[in-house]
Amino acid sequence: MEELLARAQAHSTPWENVPELNYTLAITASENIDFDHVRGPVLVLPHGVGFHKYVPDSGSAGTRLSGLIPSAALRSGRVLMAVSHPSQQKQLRDADPLTDGQTVLVGDPQFEQLLRSEPHRDHYRAALGVAGRTFVLVSSTWGETSLIGRRPRLPAELLAALDYDSAAVGLVLHPNVWSRYRPFQIRSWFAAAEDAGLLLLPPQRGWQAAIVAADVVIGDHGSVSLLAAATGRPLLLGAFGSEVVPGTSAELLGRHAARLTRDRPLRDQIAEAETQPWQEDLAERTFANPHGATAELHTLILRLVNLEPRPLELLRAPDPEPQPIVPLGFTTYPEFTGPYSLTLHRFPRSVEEWRPEFERASTKLRHVVTDESDDNLGRIGNATVLTRTAVHPAPEDWCANALRLHPSCALAAAAVPDGCVARTRNGEMFTVTGSADLAALASALHACLATGREGGRPLSLRLGSVETTVVF
């Protein structure tokens, strides 16, 4: 929290100074504060969706209901708890009768913002670099029973199994994961996946846009999974914890959502995922006032601080922070669907070890393409096709030198403004024009040469859902 406040250039004050401050209302998203230290009214906002987890109780060897404030604070009569659905008021009364009269039904402004952001879906998909591709969002809460706790390699497995031009993968981790392990450790764990194009979304910004942009969500018993399911996203459960509270929306999700299994290809399970009727029931049972929660909270706070009503600004979900990374190397499987119609199926090299063995079957045209900027010497040394994306003043000379330095390379291709120039090991020179990326242009040329196709004729090149024309 201190890092977030510093980044926002916000004023902060030491906790010990709070009793001396002149304030009208305290707002907290945590029940784990010293309520005796805070004078005057306190509004407690939920830090997730409802109250659906049992968590370790630091004051004992047992567990407690996450989000429920201590009885001592309730006895003060100064604390008001905001909830998103009437069922949560009953749940809290059953857990502690002292909550009776100290809850207020607001709804969930976060859920409302997601609904209001739906018309901007194409904008978010473009910002994430996933337009035209199936966007699979992986979401994990914290703890041993979380998705990332049970299956930490799943992002890499997905990137290895899904055609790069047809699918993209994003990852949202609970803030507790980031705060416990720190960004350096997390980026070390997912370095290979990031090199393959993984969108690793920071906890403070972008996950809302990613939900709106997603085609399929793979989650667990965390709040992001609940929000995604309630907004109608097809959902697969990759894990589900035993700490879920019976009778809650999370239990409903666990009872009805399809499971992601290890005994079937990931690609098939992603393709089969679809929205189910129970998701509409989940939304109705979890989020009251879905289009007025923000205004309700706005009015509540103004009332608590004795201010007159004032205009309310409704904001869409903020744009995501991460910039998409284009992999530097691919294992490419060309498929000719006609004499001059070619489809390339490309899989990032950095996650090759997680690609299922039966999907690595060698074909006549299978080849490896790598850019010279890759810092992995093994991938460069094993490349069938070597590329140079950075503009070279003498691209023909670079091609000749690349073939001399790398004996395993059969074709070298250097970018030029309208495509690339390329050279084979026997000294033939080619120009390739087209709007595809350099790796795709070089792979298309390699496949055509390997099958004896003549140059000068237009080639229809398909990458995922995008079709373009290439001439060599």
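Counting non-hydrogen atoms of neighbouring residues, nucleotides and ligands closer than 6.0 angstrom, the CG atom of Asn22 reaches no more than 12 such neighbours. Counting heavy atoms of neighbouring residues, nucleotides and ligands inside a 6.0 Å radius, atom CD of Glu144 does not exceed 12 of them.
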Give the C-alpha distance, both sets of side-chain angles, the deciding distance and a yes or no for side chain to side chain donor-acceptor pair (under 3.5 Å) between Asp220 and Thr141. CA-CA 7 Å; Asp220 53 19; Thr141 187; 5.3 Å; no

Report the C-alpha separation of Asp437 and Val326 in whole Å, then their side-chain angles, then the decisive distance to 0.1 Å, and conclude whether the side-chain contact (heavy atoms from CB on, under 4.5 Å) test is met. CA-CA 10 Å; Asp437 60 75; Val326 178; over 6 Å; no

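The pair Asp215-Arg121 meets the salt-bridge criterion, since a charged nitrogen lies less than 4.0 angstrom from a carboxylate oxygen. Between Glu313 and Arg116 no salt bridge is recorded (no basic side-chain N to carboxylate O distance below 4.0 Å). Using a cut-off of 4.0 Å between Lys/Arg side-chain N and Asp/Glu carboxylate O, Arg151 and Glu157 are scored as salt-bridged. By the 4.0 Å N-to-carboxylate-O rule, Arg388 lies close enough to Glu372 to be salt-bridged with it. For Glu3 and Arg182, the salt-bridge test passes: some basic side-chain N is under 4.0 Å from an acidic carboxylate O.
Taking the six-membered ring where tryptophan is involved, the planes of Phe111 and Phe287 are essentially parallel, since the angle between them stays under 30° and well short of 60°. Using cut-offs of 30° and 60° for the angle between ring planes, the Phe240 and His221 rings count as perpendicular.
In this structure, the side chain of Thr231 engages the main chain of Ala228 through a donor-acceptor pair within 3.5 Å. Put simply, the side chain of Arg125 gets close to the backbone of Val130: a donor and an acceptor are under 3.5 Å apart. Checked by atom type and distance alone, the side chain of Gln185 never pairs as donor or acceptor with a backbone atom of Tyr181 at under 3.5 Å. The backbone N or O of Val38 lies less than 3.5 Å from a partner atom in the side chain of Arg78, making a donor-acceptor pair. Under the 3.5 Å distance criterion, the side-chain polar atoms of Arg346 are left unmatched by any main-chain donor or acceptor of Leu344.
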